[in-house]
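All values derive from a computational prediction rather than experimental measurement. Order of the sequence lines fixes the chain letters, A, B, ..., with proteins taken first and strands second; residue numbering starts at 1 for each chain.
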2 protein chains.
Amino acid sequence: MAKKKQITIDDVAARAGVSTATVSRVLNGMNHKASLDTRTRIRSAVEELEYRPVRVGRALSMMQSPTVALLTPDTTNAFYASIADAIQTGTRRIGKAMILCNTREQAILQDAYIEEMRSHLVAGIALLGAVPSPGLERALADDMPIVFINRKSPYRADRPFVGIDNYAAGGDVAKHFMDRGYYPISVVRGPWDSSASRERFEGFRDALAASGHPIDPARVYDSDLSMESGYIQAEQLLSGPAPARAVFCANDPVAYGIYRRCGERGLSVPDDVALFGFDDNPLNEWLAPWLSTVSVPSVEIGTRVAKLFAGSGMASAREHPEQCIVPYQMVIRTSA
Amino acid sequence: MAKKKQITIDDVAARAGVSTATVSRVLNGMNHKASLDTRTRIRSAVEELEYRPVRVGRALSMMQSPTVALLTPDTTNAFYASIADAIQTGTRRIGKAMILCNTREQAILQDAYIEEMRSHLVAGIALLGAVPSPGLERALADDMPIVFINRKSPYRADRPFVGIDNYAAGGDVAKHFMDRGYYPISVVRGPWDSSASRERFEGFRDALAASGHPIDPARVYDSDLSMESGYIQAEQLLSGPAPARAVFCANDPVAYGIYRRCGERGLSVPDDVALFGFDDNPLNEWLAPWLSTVSVPSVEIGTRVAKLFAGSGMASAREHPEQCIVPYQMVIRTSA
DNA sequence: CTGAAAGCGCTTACAG
DNA sequence: CTGAAAGCGCTTACAG
């Protein structure tokens with residue numbers, strides 16, 4: 001893209017009086033194979049010429065580009081954005097750039113991006129909020145280096161994964177509700193496709209059942225994880241003869257939506273209804289400092305994901321798929 | 001990155017019984033140069049082999065990768081994220097992927113990314129919230145295809161730009177304040193480096209002065225565009241013998257911060273203090289539906305930016321730098 | 001309308 | 001420890 005003519009590895013080699021092969025080796029840190037003299041000559045040639053490798057040359061040669069793709073369901077969700085940011089920072093540290101793709105939870109888009117990223121020869125794909133799709137299944141069969149974030153792979157459960165133990169967290173929320181004696185209890189869960197949403201719900205449900213107070217199926221609502229859907233479901237949740245005393249929300253935005261409806265209805269949180277969120281969205285600090293939630297360590301997750309892509313394309317992770325379960329934290333504020 | 005052996009253009013050529021040159025031409029839409037028969041034979045070879053071009057090959061050959069870089073000051077700001085999303089959607093439409101880089105408003109990081117993106121041979125750089133830096137100046141001198149978003153180039157004012165007329169918008173806010181008869185008026189402006197922040201302030205200041213009520217310099221506060229800084233400045237703004245009756249905020253998050261402090265102080269918005277934001281952050285709809293603000297069309301901006309990168313790397317835009325000024329809208333809600 | 005061939009910038013067996 | 005050469009997948013003057 002520069003207008004100036006490119007300075008190539010050949011220019012460096014010429015200036016240093018060695019072959020391009022040697023320059024390449026030295027620049028790639030195979031120092032044990034070059035004499036000190038050679039190395040210093042090369043270093044200064046690089047300096048003087050201000051040589052910057054064209055990464056595409058290397059990419060073609062190695063059939064792998066120094067890039068990683070992040071597929072995310074919603075770029076404007078602050079929680080996802082925070083994970084994205086950590087991944088970008090982390091991949092940069094290992095010399096790779098991050099391509100951002102917005103799948104919008106759509107299987108079609110997800111497949112299109114997987115295919116495109118393959119043709120970009122990316123070193124790996126970080127799949128945040130995976131959705132079942134034929135292209136994903138195929139990519140997995142082809143052994144593409146994909147690491148799943150937050151939601152596990154819908155196809156091969158043993159694929160690399162970074163996230164929390166959602167089942168346990170759901171159970172913890174249930175216990176908290178029981179400790180407080182809230183009754184009746186409702187839940188607004190996320191999409192069933194999502195292992196994260198599903199496991200949260202299952203953990204919550206099982207813990208309630210285990211304590212002898214199984215949840216009433218009529219008190220289970222669905223959402224698409226948006227504020228809007230929380231707002232909409234709140235209408236049912238809060239009405240009828242036995243409105244919910246406490247609600248376990250699929251994520252924080254859902255809680256925001258319900259909270260808004262509470263305000264419109266003149267209901268007090270937590271006196272009339274208790275709300276429990278999930279993720280500890282970065283917005284909470286400023287916009288919902290009252291929200292009790294499960295804190296998911298987005299930065300740590302992003303950092304871990306990036307690390308998986310270090311070296312040449314997750315070859316190791318591919319052979320020894322890692323399930324990296326990071327700790328979550330119960331954050332009890334005033335809403336529950 | 002795939003495990004399967006690559007299917008190349010040569011395979012297609014062999015199968016179709018033509019040369020790779022011809023396949024390349026046809027696949028790149030130089031149809032007028034190929035007979036119908038040739039074209040159909042190639043199309044079906046592509047189908048049968050499920051050929052997907054390796055973009056890196058083309059990139060090296062053309063010394064330009066089908067990617068565009070977006071440098072943004074803050075990936076978690078929903079307003080920026082919304083622009084980023086529109087750019088990503090738009091670049092995809094023209095067959096390019098978007099690399100995301102977080103400059104955090106730091107000149108050093110901005111320079112590092114510019115350099116890295118150059119070595120990636122990106123087709124162009126979208127620079128959201130540019131900061132003055134030596135690397136940027138150099139890149140401009142080298143004629144790198146950079147388009148400035150929101151903030152104009154700190155070096156060559158004629159570089160491609162997409163954004164609103166901030167000066168006019170600042171003036172409109174001033175007029176609105178005068179219509180309402182607010183007095184005294186304070187302003188929390190953004191960084192001086194930023195043409196957007198500066199022009200907003202200047203337009204506001206000049207309009208007040210023109211009406212015979214120049215702003216008191218002691219009533220001008222600074223911020224870094226964050227909620228935190230709004231919250232902090234609010235302390236001064238709202239105290240003393242003559243607390244502000246109305247505040248023009250550098251952007252919406254600053255207004256959120258001030259609003260929070262108002263709540264803590266028991267001050268009512270707009271009865272005690274009127275607040276005017278900027279950008280119409282997507283969060284407003286759900287979290288600050290009361291905030292009067294200037295709506296900046298983030299989606300249109302992103303779409304326009306992407307269009308500038310169509311074809312081969314903005315060659316045209318480079319020669320005829322475009323200043324693309326999109327319309328803004330005054331959004332009067334209850335806060336002012 | 002089509003093909004043979006050189007070239008984009010880098011890496012890496014292979015031979016020394 | 002080092003170099004000559006082939007190769008990664010594509011594009012594009014050039015010649016026909």
Side-chain angles (χ1 to χ4, degrees), chain A residues 1-2 4-42 45-46 49 51-66 95 118-123 312-313, chain B residues 1-2 4-42 45-46 49 51-67 95 118-123 311-313:
Chain A
M1 78 179 269
K4 297 196 291 198
K5 84 214 157 310
Q6 265 302 304
I7 289 155
T8 75
I9 199 173
D10 296 281
D11 300 321
V12 176
R15 176 131 191 160
V18 297
S19 72
T20 65
T22 302
V23 175
S24 174
R25 287 191 200 101
V26 168
L27 261 32
N28 287 305
M30 292 152 161
N31 278 339
H32 50 97
K33 305 200 156 198
S35 72
L36 181 60
D37 179 51
T38 311
R39 267 181 287 159
T40 51
R41 285 220 310 288
I42 291 175
V46 166
L49 298 173
Y51 168 68
R52 298 280 174 274
V54 167
R55 291 159 182 272
V56 173
R58 167 172 241 255
L60 181 57
S61 176
M62 304 184 59
M63 287 300 276
Q64 183 187 105
S65 159
R118 189 204 285 262
S119 90
H120 270 283
L121 300 183
V122 297
S312 49
Chain B
M1 79 179 269
K4 297 197 290 199
K5 85 213 156 311
Q6 264 302 164
I7 290 155
T8 75
I9 199 175
D10 297 281
D11 300 322
V12 175
R15 176 131 193 161
V18 297
S19 73
T20 64
T22 301
V23 176
S24 175
R25 288 192 199 99
V26 168
L27 259 33
N28 287 305
M30 291 151 163
N31 278 339
H32 51 98
K33 307 200 154 198
S35 71
L36 181 61
D37 178 52
T38 311
R39 268 181 287 157
T40 51
R41 284 220 311 288
I42 291 176
V46 167
L49 298 173
Y51 168 69
R52 297 283 172 273
V54 167
R55 291 158 183 274
V56 173
R58 167 171 241 255
L60 181 58
S61 175
M62 304 183 60
M63 286 301 275
Q64 183 187 108
S65 158
T67 51
R118 189 205 285 263
S119 90
H120 271 283
L121 301 183
V122 297
S312 50

Original post:
Which of these nucleotides, C:dC10, C:dT2, D:dC8, is closest to any side-chain atom of A:Arg58?
Top reply: C:dC10

Original post:
B:Asp11 has an atom CG; how far is it from atom C1' of D:dC10, in whole Å?
Top reply: 13 Å

**OP:** Would you kindly give the CG-to-C1' distance between A:Leu36 and D:dC1, to the nearest whole Å?
**Re:** 13 Å

**OP:** To the nearest Å, give me how far apart CD1 (B:Ile42) and C1' (C:dG3) are.
**Re:** 12 Å

Original post:
Between A:Val12 and A:Val46, which heavy-atom pair has the shortest distance, and what is it?
Top reply: CG1-CG2, 3.9 Å

Original post:
Closer than 4.0 Å, any side-chain N/O of A:Thr38 to the OP1 or OP2 of D:dT2?
Top reply: yes

Subject >> Minimum-distance nucleotide (side-chain atoms of B:Ser19 versus D:dA5, D:dT11, C:dG3) >> reply: C:dG3

Subject >> Pairwise C1' distance for C:dG16 and C:dT12, with rounding to whole Å >> reply: 16 Å

Original post:
When you match B:Gly57 and B:Gly17 each to their closest nucleotide on DNA chain C, which lands nearer the 5' end?
Top reply: B:Gly17

**OP:** Give the nucleotide from the list C:dT11, C:dG7, C:dG3 with an atom nearest to the side chain of A:Met62.
**Re:** C:dT11

Original post:
Can you tell me how far P of C:dT12 sits from CZ of A:Arg25, to the nearest Å?
Top reply: 10 Å

**OP:** Using a 4.0 Å heavy-atom cut-off across all strands, classify B:Val18 as base, sugar-phosphate, or nothing.
**Re:** sugar-phosphate

**OP:** Drop me the distance from A:Thr38's OG1 to A:Arg25's CZ, to the nearest 0.5 angstrom.
**Re:** 11.0 Å

Original post:
If you pin B:Ser61 and B:Thr22 to their nearest nucleotides in DNA chain C, which one's is more 5'?
Top reply: B:Thr22

Subject >> Residue matched to C:dG3 through Watson-Crick or wobble contacts both under 3.5 angstrom >> reply: D:dC14

**OP:** In whole angstrom, give the distance that lies between atom CE of B:Met30 and atom P of C:dT2.
**Re:** 14 Å

Original post:
For A:Ser24, which contact category applies under a 4.0 Å heavy-atom criterion: base, sugar-phosphate, or nothing?
Top reply: base

Subject >> Spacing of B:Met62 atom CE and B:Leu121 atom CG [to the nearest 0.5 Å] >> reply: 11.5 Å

Subject >> Residue pair A:Asp37, A:Arg41: steps toward the salt bridge (Lys or Arg N to Asp or Glu O under 4.0 Å) verdict >> reply: CA-CA 6 Å; A:Asp37 179 51; A:Arg41 285 220 310 288; 2.6 Å; yes

Original post:
How many Å lie between CD on B:Gln64 and P on D:dG9, as a whole number?
Top reply: 21 Å

**OP:** Find the distance A:Asp10:CG to C:dT11:P and express it as a whole number of Å.
**Re:** 11 Å

Subject >> B:Met63 CE to A:Gln6 CD distance, which is reported to the nearest 0.5 Å >> reply: 4.0 Å

**OP:** Side chain of A:Ala21 only, please: which of C:dT12, C:dA4, C:dT11 is the nearest?
**Re:** C:dT12

Original post:
If you check the B:Thr20 side chain, which of C:dA5, C:dC10, D:dG9 turns out closest?
Top reply: C:dA5

Subject >> Nearest-Å distance for atom pair CG/P, residues A:Leu60 and D:dT11 >> reply: 12 Å

Subject >> Reported CG-to-CZ distance for the pair A:Leu27 and A:Arg58, which is rounded to 0.5 angstrom >> reply: 9.5 Å

**OP:** Tell me which nucleotide among D:dC10, C:dT11, C:dA5 gets nearest to the side chain of B:Ile9.
**Re:** D:dC10

